[in-house]
Protein chains: 2
Amino acid sequence: MATDQTRTAILNAAERLYADRGFGDVTLRDIVAAADVNLAAVNYHFGSKDELIAELFVTRSIATNRARLNELKAAEEAGGGRADIDAVLRALVGPTLRGCLGPERERSTAARFMIRASIEAVPPIRRIRNREIDHLRKFIAAMRRSLPGRSDVDLYWGLHFALAMAHQTIRDSERLTKLSEGLCDLDDVQGVIDRVVAVAAMALTEGETARKAPAKLVAQDARR
Amino acid sequence: MATDQTRTAILNAAERLYADRGFGDVTLRDIVAAADVNLAAVNYHFGSKDELIAELFVTRSIATNRARLNELKAAEEAGGGRADIDAVLRALVGPTLRGCLGPERERSTAARFMIRASIEAVPPIRRIRNREIDHLRKFIAAMRRSLPGRSDVDLYWGLHFALAMAHQTIRDSERLTKLSEGLCDLDDVQGVIDRVVAVAAMALTEGETARKAPAKLVAQDARR
DNA sequence: TTGCAATTCAAACATTTGTATGAAACTATG
DNA sequence: CATAGTTTCATACAAATGTTTGAATTGCAA
């Protein structure tokens, strides 16, 4: 097993197929056909389909988290231990957005696979994903250093919204393109990142409006 | 077929099961067991599994869209044809958030079903969902009336982000609760709506920052 | 080369799933 | 009551899918 070429071929083919078509309708036979290996190879090398998926996911999780943390660390070191909130948010959403958007050829299979994973949440993945919480806590900590005066609740919501916007932009880029008839340029990755970061940062730095908004105002009360 | 009770039982059981467990792992046999009807009844009454799903989805789509438009119309009439941007956004995200969050008993199966549908995007639904674009255009129009000076691109992004935050909050409410260790109260539906609306409105009304942010700033450039 | 372990392969298996069938039960109408 | 149309039911079918099996092949060390 000098080169593990069969294993690798399976991993690559599986990642690409899952990224393109989702977990729902990719069968082992699709994978082995794409990898040009025998059907039984998957069970021989990975044990089961679920274990194959799990291995893909842990590998990519580690890589994504490392990319995020590298960017965060670089920003904090440049700022002497405290990074600008924009930089923190950029480190959070940048890696995934860069991997998933942009002109066709630049998109990374790995990033698209991770998005699928976060969308479909198939059982073998759901079991693992709890660790992500710990990873996100590191960003909460960085945000706390960046905005010492801000309440934790606001930080949690800010991180949540930042991820929401980034995530949904990837997920539903097609709808946004159609809706805007091409006006919203999703190939301008840096522009998208700037937008997401700007809105999330605004939500985190603007006055307490988000928390003190009139709680009882519903549509019918709208001022005339 | 006086009461259509079999049809209705199937629809109810299917909606609940799909809302709870997703389309992926709910079989016709699960549905007929829950509805206490014969297996063949589904094909008899709906033709196929896909047609059953499609019927559920169109019914609920129409209802959701109507709820949104009612709230929008009420707000615009109260404002003499032009609603506050907050009210427009509230009409957009309110109905779904109210249906999906809040204390266990108040959640609506219908709303949760719609979220599933928007997440899993199973083929029979994907074919129909294009119509949603037309529905969202009505909100773009209302937003344009509310913020006449704003560029269309900003409006599209604002609507996109509002839906993203609302949607993701529903989808990943569990993660937010865990991450914040309960600090973020998702049972306070009105509070959540206020937050989402406030952030989206801020993104839409604040200066052109979102568009004029330094386009080349990446993490490594963060000011020291 | 020989022998042994690792790997690959074709084939088969056991389930699961959506759908189809034809008989039985039911309902309403004459 | 009788009959025609509708609905329900048990059962069967075909296709798809993850997994297993045992033989064949390969690679490498003695």
Side-chain angles (χ1 to χ4, degrees), chain A residues 1-58 113 116-117 120-128, chain B residues 1-58 113 116-117 120-128:
Chain A
M1 62 98 139
T3 55
D4 260 352
Q5 55 184 8
T6 300
R7 249 187 88 92
T8 310
I10 291 172
L11 285 170
N12 289 341
E15 182 170 52
R16 187 172 55 75
L17 287 175
Y18 284 141
D20 287 344
R21 294 161 34 191
F23 297 97
D25 44 32
V26 170
T27 72
L28 279 190
R29 284 170 174 80
D30 292 333
I31 294 172
V32 300
D36 198 33
V37 301
N38 186 271
L39 173 60
V42 172
N43 290 277
Y44 178 78
H45 285 281
F46 298 92
S48 70
K49 184 194 188 185
D50 281 7
E51 288 172 90
L52 165 62
I53 294 178
E55 170 151 346
L56 274 172
F57 183 70
V58 289
F113 170 85
R116 284 289 186 185
E120 300 196 14
V122 78
I125 287 182
R126 209 172 326 167
R127 281 192 288 270
I128 302 172
Chain B
M1 63 100 143
T3 55
D4 259 352
Q5 57 184 8
T6 299
R7 248 187 87 94
T8 310
I10 291 173
L11 285 170
N12 288 340
E15 181 170 54
R16 187 172 56 75
L17 287 175
Y18 284 142
D20 286 344
R21 295 162 32 192
F23 297 98
D25 44 31
V26 171
T27 73
L28 279 191
R29 284 169 175 81
D30 292 333
I31 295 172
V32 299
D36 197 35
V37 301
N38 186 270
L39 173 60
V42 172
N43 290 278
Y44 178 79
H45 285 282
F46 298 92
S48 70
K49 183 193 188 184
D50 281 7
E51 287 171 89
L52 164 62
I53 294 178
E55 170 152 345
L56 273 173
F57 183 70
V58 289
F113 170 85
R116 283 288 185 186
E120 300 196 11
V122 79
I125 287 181
R126 209 172 326 168
R127 282 192 288 270
I128 302 172

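Residue numbering restarts at 1 for every chain, and letters A, B, ... go by the order of the sequence lines. Being a predicted model, the structure only gives us computed values, none of them experimental.
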Peer 1: Does a salt bridge link R126(B) with E120(B), judged by any charged N lying under 4.0 Å from a carboxylate O?
Peer 2: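 Salt bridge between R126(B) and E120(B), a charged N being under 4.0 Å from a carboxylate O: no.
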Peer 1: dC9(C) C1' sits how many Å from L39(A) CG, rounded?
Peer 2: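 Atom CG in L39(A) sits about 10 Å away from atom C1' in dC9(C).
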Peer 1: Using whole Å, what does the distance between atom P of nucleotide dT8(D) and atom CD of Q5(B) come to?
Peer 2: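 Q5(B) atom CD is separated from dT8(D) atom P by 8 Å.
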Peer 1: When you check the phosphate oxygens OP1 and OP2 of dA10(C), does a side-chain N or O of N38(A) lie under 4.0 Å from one of them?
Peer 2: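 It does, given that an N or O in the side chain of N38(A) lies less than 4.0 Å from OP1 or OP2 of dA10(C).
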Peer 1: Has R116(B) got a side-chain atom pairing as donor or acceptor with D20(B)'s backbone, closer than 3.5 angstrom?
Peer 2: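 Yes, because the side chain of R116(B) sits within donor-acceptor range (under 3.5 Å) of the backbone of D20(B).
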Peer 1: Quick check: do I31(A) and L52(A) have side-chain heavy atoms less than 4.5 Å from each other?
Peer 2: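 The answer is yes; the side chains approach within 4.5 Å.
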Peer 1: Is any side-chain heavy atom of V32(B) closer than 4.5 Å to a side-chain heavy atom of N38(B)?
Peer 2: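 They are not in contact (no side-chain heavy atoms under 4.5 Å apart), so the answer is no.
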Peer 1: I want to verify a distance call: between dT21(D), dC9(D), dT19(D), whose nearest atom is closest to the A40(B) side chain?
Peer 2: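 For A40(B), the side-chain atoms sit closest to dC9(D).
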Peer 1: What's the closest nucleotide to the R29(A) side chain, out of dT19(D), dT19(C), dC9(C)?
Peer 2: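 That would be dT19(D).
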Peer 1: Strictly below 4.0 Å: does H45(A) bring a side-chain N or O up to OP1 or OP2 of dA6(C)?
Peer 2: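 Checking H45(A) against dA6(C): no side-chain N or O falls below 4.0 Å of OP1 or OP2.
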Peer 1: Separation of K49(B) atom NZ from dA15(D) atom C1', in whole Å?
Peer 2: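 Checked: the NZ to C1' distance equals 15 Å.
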Peer 1: Under 4.0 Å, counting only non-hydrogen atoms across every strand here, what does A41(B) touch: a base, just sugar-phosphate, or nothing?
Peer 2: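 The answer is nothing, as A41(B) stays clear of every strand by at least 4.0 Å.
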Peer 1: Please give, in whole Å, the distance from dT15(C) C1' to D25(B) CG?
Peer 2: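 About 16 Å, once rounded to whole Å.
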Peer 1: Rounded to whole Å, how long is the line connecting atom CG of L28(B) with atom P of dT15(C)?
Peer 2: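 Rounding to the nearest Å, CG of L28(B) and P of dT15(C) are 21 Å apart.
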Peer 1: Starting at CZ of R7(A) and ending at C1' of dT7(C), how long is that distance when rounded to a whole Å?
Peer 2: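 Atom CZ in R7(A) sits about 14 Å away from atom C1' in dT7(C).
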Peer 1: With a 4.5 Å heavy-atom cut-off, do F23(B) and F113(B) have their side chains touching?
Peer 2: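 Counting from C-beta outward, F23(B) and F113(B) do come under 4.5 Å.
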Peer 1: Between dA6(C) atom P and D4(A) atom CG, what is the distance in whole Å?
Peer 2: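 So the CG-P distance, D4(A) to dA6(C), works out to 14 Å.
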Peer 1: Is it true that D30(A) and R21(A) have a side-chain N and a carboxylate O under 4.0 angstrom from each other?
Peer 2: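 So D30(A) pairs with R21(A) through a salt bridge.
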Peer 1: Is H45(A) close to E55(A) at the side-chain level, that is, under 4.5 Å between some pair of heavy atoms?
Peer 2: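 Not in contact.
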Peer 1: Determine: side-chain N/O of T27(B) to OP1/OP2 of dT16(C), distance under 4.0 Å, yes or no.
Peer 2: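 Indeed not, no polar side-chain atom of T27(B) lies that close.
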Peer 1: So if I take residues 14-21 of chain B and measure heavy-atom distances to DNA chain D, which residues fall below 4.0 Å?
Peer 2: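 Residues of residues 14-21 of chain B that come under 4.0 Å of DNA chain D do not exist, since none gets that close.
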Peer 1: Relative to the 5' end of DNA chain C, which residue comes earlier, S48(B) or Y44(A), by the nucleotide with the nearest heavy atom?
Peer 2: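 In this pair, the answer is Y44(A).
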Peer 1: Roughly, in whole Å, what's the span from CD1 in I10(A) to C1' in dT8(C)?
Peer 2: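 Distance check: I10(A) CD1 to dT8(C) C1' gives 11 Å.
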